[in-house]
Amino acid sequence: MTDAVRRPNDSLTRRLFIGAAVWSLAVLAGGAFALSAVYRAQTLAVLDDELQDTLIQLARALEVGPNGAISAKPEELPNDPDYATQLAGKYWAIVGLTPSGGFEPEDIRPPSLWDEPPPVPQGMAVSLMAAPGVAQYGEVVGPGVDETLRVAAQTIIVENRDQPVLLVAANDRGALDQSANRFLLLLVIALGLLAAGLLAAMWGSLRLALRPLRAIEADVADVREGRKTKLSDDYPSEVRPLSEELNKLLDHNRSVVERAQTHVGNLAHALKTPIAVLMNEANGDAPLDDVVRRQARAMNENVQHYLKRAQAAARAEAIGARADVGPVLDDLTRLLNRLFQDKGVDISTRGGAGAVFRGERQDLEEMLGNLMENACKWAAGRVEVSVAEEPGWIVIDIDDDGPGLSAEERETATKRGVRLDETEPGTGLGLSIVTELAEMHSGTFELSDSPLGGLRARLRLKKA
């Protein structure tokens with residue numbers, strides 16, 4: 001896993017899923033709306049056909065007397081039981097029209113219409129008179145409670161009458177609307193379940209399709225932590241070019257580090273001989289000899305310091321470097337116990353098993369060796385090294401029971417070339433090298449008071 005905090009919108013899976021989900025839901029919603037509209041239109045067409053059949057029955061049943069009076073043959077009239085029930089939702093009427101388009105007072109109607117006026121939309125009578133024989137459809141508020149009627153009306157011209165006769169058939173469309181609404185509800189439920197299944201399948205497909213990218217992430221993490229030297233080559237063809245380019249980049253990085261280390265080594269050898277010659281030649285007692293020796297020693301110290309720094313920087317940039325802390329501590333402890341045996345210093349370690357430093361073993365040895373040797377020089381008799389692990393970090397404490405340092409001395413001690421006691425051998429580069437190495441590996445180094453009464457040196461390093 002990377003150290004950077006991931007934002008939700010950084011997920012490629014999430015982006016693809018949201019895009020596909022929005023498109024799928026839009027298509028399904030549009031499909032539901034279209035199917036519902038088609039179903040509603042189809043049921044309305046069925047209702048209109050039924051009303052048209054009723055108009056045909058009324059035309060067959062119509063009779064006109066010699067004086068123009070209208071009547072109907074009972075056996076030819078529509079015989080649906082709903083027509084016999086008051087305000088049952090199904091109505092028809094045979095009405096004579098006046099020259100102005102009004103209704104004659106006498107008409108023929110079923111009991112369902114009772115004494116309500118014929119259900120004809122306003123203004124339709126005039127348009128019907130202008131186009132006799134053509135059925136027209138509309139909607140009007142019915143006589144029942146919350147009733148909306150679908151109306152079919154037609155005028156016909158008959159003998160013995162100067163004005164046409166109006167035929168009206170009307171049915172309550174509430175049942176149609178309820179059926180359409182039920183169909184829409186069932187359609188929404190079905191398509192909702194379909195959408196859920198599609199989204200689940202889509203999510204699974206995306207996770208499966210993008211699994212190689214997660215495998216590359218894991219491989220890159222393994223390379224960075226030193227568990228692998230290169231990425232696997234068993235990726236799908238779409239991802240394989242990326243893994244091949246990453247492997248080329250890793251090879252290039254290793255070659256750059258190796259060349260840098262080689263150049264540093266060559267420089268060290270090139271400078272070592274001239275400096276040694278200067279120091280050997282300036283072996284007299286003349287003031288100039290003394291100046292040359294001091295300057296040659298200073299040059300040698302600076303060369304050693306910057307060569308070590310360059311080598312450490314090259315190693316710190318290397319990808320995949322890692323070192324076990326436990327073995328390094330064990331080796332240093334055995335060595336220093338032998339070196340300081342005559343002084344009576346006892347070095348003990350605690351922890352470190354399983355802790356892995358993200359960096360080269362040589363750098364870890366350089367840091368711990370400087371700190372542990374420094375603690376042994378100043379300890380009265382005890383040096384304790386403890387290793388603790390935190391999320392992403394290794395914390396190493398080196399404690400001694402020596403005289404310790406004041407706050408001002410601790411601040412000064414980490415500066416390059418500073419020696420707080422000139423009686424002890426050394427160049428004064430140890431703690432500054434530790435500081436620089438820790439910083440190169442994104443870690444920290446600090447000095448504080450030790451529980452043993454002396455000095456505590458704390459290293460906080462990245463964990464592999």
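Heads up: numbering here begins at 1 and tracks the sequence. These numbers were taken from a predicted model, which means no experiment stands behind them.
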Student: Check Leu113 against Ala93 and note the closest heavy-atom contact, atom names and distance.
Tutor: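 Looking at all heavy atoms of both residues, the closest pair is CD2-CB, 4.3 Å.
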Student: Is the CG atom of Asp115 crowded by more than 12 outside heavy atoms at less than 6.0 Å?
Tutor: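 More than 12 heavy atoms, drawn from other residues, nucleotides or ligands, come within 6.0 Å of this atom.
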Student: CD of Glu106: more than 12 outside heavy atoms within 6.0 angstrom?
Tutor: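 Count not over threshold, so no.
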Student: Roughly how far, to the nearest 0.5 Å, is NZ of Lys462 from NE2 of His441?
Tutor: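 The NZ atom of Lys462 is 12.5 Å from NE2 of His441, to the nearest 0.5 Å.
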Student: Quick one: do Ile108 and Trp92 satisfy side-chain contact (heavy atoms from CB on, under 4.5 Å)? Show the steps, please.
Tutor: CA-CA 9 Å; Ile108 303 172; Trp92 57 264; 3.8 Å; yes
Student: Please lay out, stage by stage, how Arg322 and Phe357 fare under the test side-chain contact (heavy atoms from CB on, under 4.5 Å).
Tutor: CA-CA 5 Å; Arg322 54 190 283 126; Phe357 163 60; over 6 Å; no
Student: Is it the case that more than 12 heavy atoms not belonging to Asn67 sit under 6.0 Å from its CG atom?
Tutor: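 Enclosed.
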Student: Could Arg460 and Glu390 be called an ion pair, given the rule that one side-chain N must be under 4.0 Å from one carboxylate O?
Tutor: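 Looking at Arg460 and Glu390, the cut-off is met.
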Student: Indicate yes or no for a side-chain donor-acceptor contact from Arg410 to the backbone of Leu455 under 3.5 Å, with no hydrogens or angles considered.
Tutor: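 Checked: no pair found.
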Student: Hey, can you pull the donor-acceptor pairs under 3.5 Å for the side chains in residues 180-209, sequence neighbours left out?
Tutor:
residue: Asn181; atom: OD1; partner: Arg40; partner atom: NH2; Å: 3.2
residue: Asn181; atom: ND2; partner: Asp177; partner atom: O; Å: 3.1
residue: Ser205; atom: OG; partner: Ala201; partner atom: O; Å: 2.8

Student: Give a yes or no on whether a salt bridge exists between Arg350 and Asp397, defined as a side-chain N under 4.0 angstrom from a carboxylate O.
Tutor: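 No, this pair does not count.
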Student: Does the distance from a Lys or Arg side-chain N to an Asp or Glu carboxylate O, for Glu244 and Arg240, drop under 4.0 Å?
Tutor: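 Judged by the 4.0 Å cut-off on N to carboxylate O distance, Glu244 and Arg240 do not form a salt bridge.
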Student: Answer yes or no: is there an ion pair linking Glu217 with Arg214, defined by an N-O contact shorter than 4.0 Å?
Tutor: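 Salt bridge absent between Glu217 and Arg214.
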Student: Shortest non-hydrogen contact from Val356 to Ile394?
Tutor: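 Closest approach of Val356 to Ile394, heavy atoms only: O-CD1, 3.2 Å.
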Student: Is the number of heavy atoms from other residues, nucleotides or ligands under 6.0 Å of Gln42 CD greater than 12?
Tutor: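 Counting neighbours around CD of Gln42, 12 or fewer heavy atoms of other residues, nucleotides or ligands fall under 6.0 Å, so no.
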Student: Look at the side chain of Thr155 and the backbone N and O of Leu128, then say whether any donor-acceptor pair between them is shorter than 3.5 Å.
Tutor: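 Yes, the answer is positive, given that a donor and an acceptor are paired below the 3.5 Å cut-off.
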